[in-house]
Amino acid sequence: MNQWRGDSRRQAVAGLMMWTCIVIIVNFAVIFSFHQSIEEHEYAYGPEFAKRGISKRTLIVATINTWNFVHSGGSDWKHRHEMIAALIGEQAADVVALQELRISSSTNEDNFQFLREILSREYPHWAFKQAAEVDGGIEGIGVLSRHRIVNTSTLLLSSRSDDADTNRRVVLQATLQVPIDGGPHAQLVHVVATHLSYADAVQCRHAAELAAFVDAVEPRAPLVLLGDFNTYVDFEYPMSYLLGMPPEPSSDRCLAVWSTLPRFRRADSLKLRLRDAWTQTHPGEPGFTFWSTTAGVDSCRADRVLYSGQCLTARSVRLANGSAAMRADGRFSDHSAVL
């Protein structure tokens, strides 16, 4: 596990230079460009960046539901995770949020460790938070990063005995120290990862808890909130709340849940103004990331990237599902990777 030191965080803040930034999103990867009043150069973190010609002021974030230890077609879970690792490298992501990370107590298999070992050179920094005990082991979420993680915080979302989904859910926040121009100065970026419940009422409650958590994050740095939100086509209410949209009293099915929460904050009282990267660039388009093959379960845009910061703008987004060779050799997940 990485060491996070308060001194490093303070040094990073002290070393900030004047900057503006732009978010560019390619292949559903979010590319943050930190611009300064100095000469432009080309640089790369690795060969993938060099091939794509991305300038030096970039940060690409991604989210992938790993599908735990499930086998797909002729592919066992390890082969699927090799495909996931290849996809991450193919898209040259800088930081990746991962869901359905499992550690089996009976076999000692660990899919997060498996990915870290494959990607250890490119992603030396990581964080993990356990969420639930499942199938004789544990499940959680994690973050892989090319850049140093200088601070983390977590939130264990609430659970009640009468919940339709009793699996515990968590939020993991990692503050990245992103170098500027390869020099001694750095920009802090907050990355907040989560995997919300599939049950409507639980999702409503968790959205309120998540909003309060995100709103309390240090506000001066850019923030990205991403993960598997389990958002269904007919139940956008929790996401609308996170995006600061006031509820419609006649139709918002979260209102009954929110009315029971003692410290509930109205959407218009939230400090952060989150924006949805997909709807900013593809208004009216579905952008499905979960393709259902089960009767009665609709395909949906479960996986999302939200962002906040006056200097951030979504410029282009497209969905990526890996190379044709990957898809022909079994699915790497039951979700599209948001890359």
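Scope of the values below: all heavy atoms of this structure, side chains included, with no hydrogens, waters or symmetry mates.
- The backbone N or O of Asp303 sits less than 3.5 Å from a side-chain atom of Thr289, completing a donor-acceptor pair.
- Residue pairs meeting the disulfide (SG to SG under 2.5 Å) criterion with at least one member in residues 205-276, sequence neighbours excluded: Cys204-Cys254.
- The closest side-chain heavy-atom distance from Thr175 to Ile149 is not below 4.5 Å.
- Val170 has its side chain out of reach of Gln130: every pair of non-hydrogen atoms, C-beta onward, lies at least 4.5 Å apart.
- Contacts of Arg121 classified as side-chain contact (heavy atoms from CB on, under 4.5 Å), with partners at least two apart in sequence or in another chain: none.
- One hydrophobic cluster holds both Ile84 and Ile103 under the rule that ILVMFWY side chains link at heavy-atom gaps under 4.5 Å.
- Applying the ring pair (Phe, Tyr, Trp, His ring centres under 6.0 Å) test to pairs two or more places apart or on separate chains, those with a residue in residues 257-276 are Tyr241-Trp258, Tyr241-Phe264, Trp258-Phe264.
- Contact check for Leu98 versus Val96: side-chain heavy atoms found under the 4.5 Å cut-off.
- Residue pairs meeting the ring pair (Phe, Tyr, Trp, His ring centres under 6.0 Å) criterion with at least one partner in residues 196-223, sequence neighbours excluded, are absent.
- Residues His195 and Asn230 are in side-chain contact: their nearest non-hydrogen atoms beyond the backbone lie under 4.5 Å apart.
- Atom CG of Leu196 and atom CE of Met239 lie 8.0 Å apart (nearest 0.5 Å).
- For Tyr123, the ring pair (Phe, Tyr, Trp, His ring centres under 6.0 Å) test picks out no residue, with sequence neighbours left out.
- Residues Val95 and Val189 fail the side-chain proximity criterion, which asks for heavy atoms closer than 4.5 Å.
- With a 4.5 Å cut-off on side-chain heavy atoms, Thr107 and Phe69 do not count as touching.
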Practice problem: Evaluate the criterion side-chain hydrogen bond (donor to acceptor under 3.5 Å, both in side chains) for residue pair Gln173 and Ser153; output intermediate values, then yes/no. | Solution: CA-CA 5 Å; Gln173 179 267 330; Ser153 58; 2.7 Å; yes

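- Looking at heavy atoms from C-beta onward, Pro222 lies in side-chain contact with Gln187 at the 4.5 angstrom threshold.
- Counting only residues at least two apart or on different chains, the salt bridge (charged side-chain N to carboxylate O under 4.0 Å, His left out) pairs with a member in residues 227-243 are Glu236-Arg304.
- Asp162 has no carboxylate O lying under 4.0 Å from a charged side-chain N of Arg160, or vice versa, which leaves the two without a salt bridge.
- A salt bridge is absent between Asp163 and Arg169: the closest approach of a Lys/Arg side-chain nitrogen to an acidic carboxylate oxygen does not fall below 4.0 angstrom.
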Self-check item: Chi angles and distances behind the side chain to side chain contact (heavy atoms under 4.5 Å, CB included) call for Glu285, Trp278
Solution: CA-CA 9 Å; Glu285 296 183 25; Trp278 178 260; 4.1 Å; yes

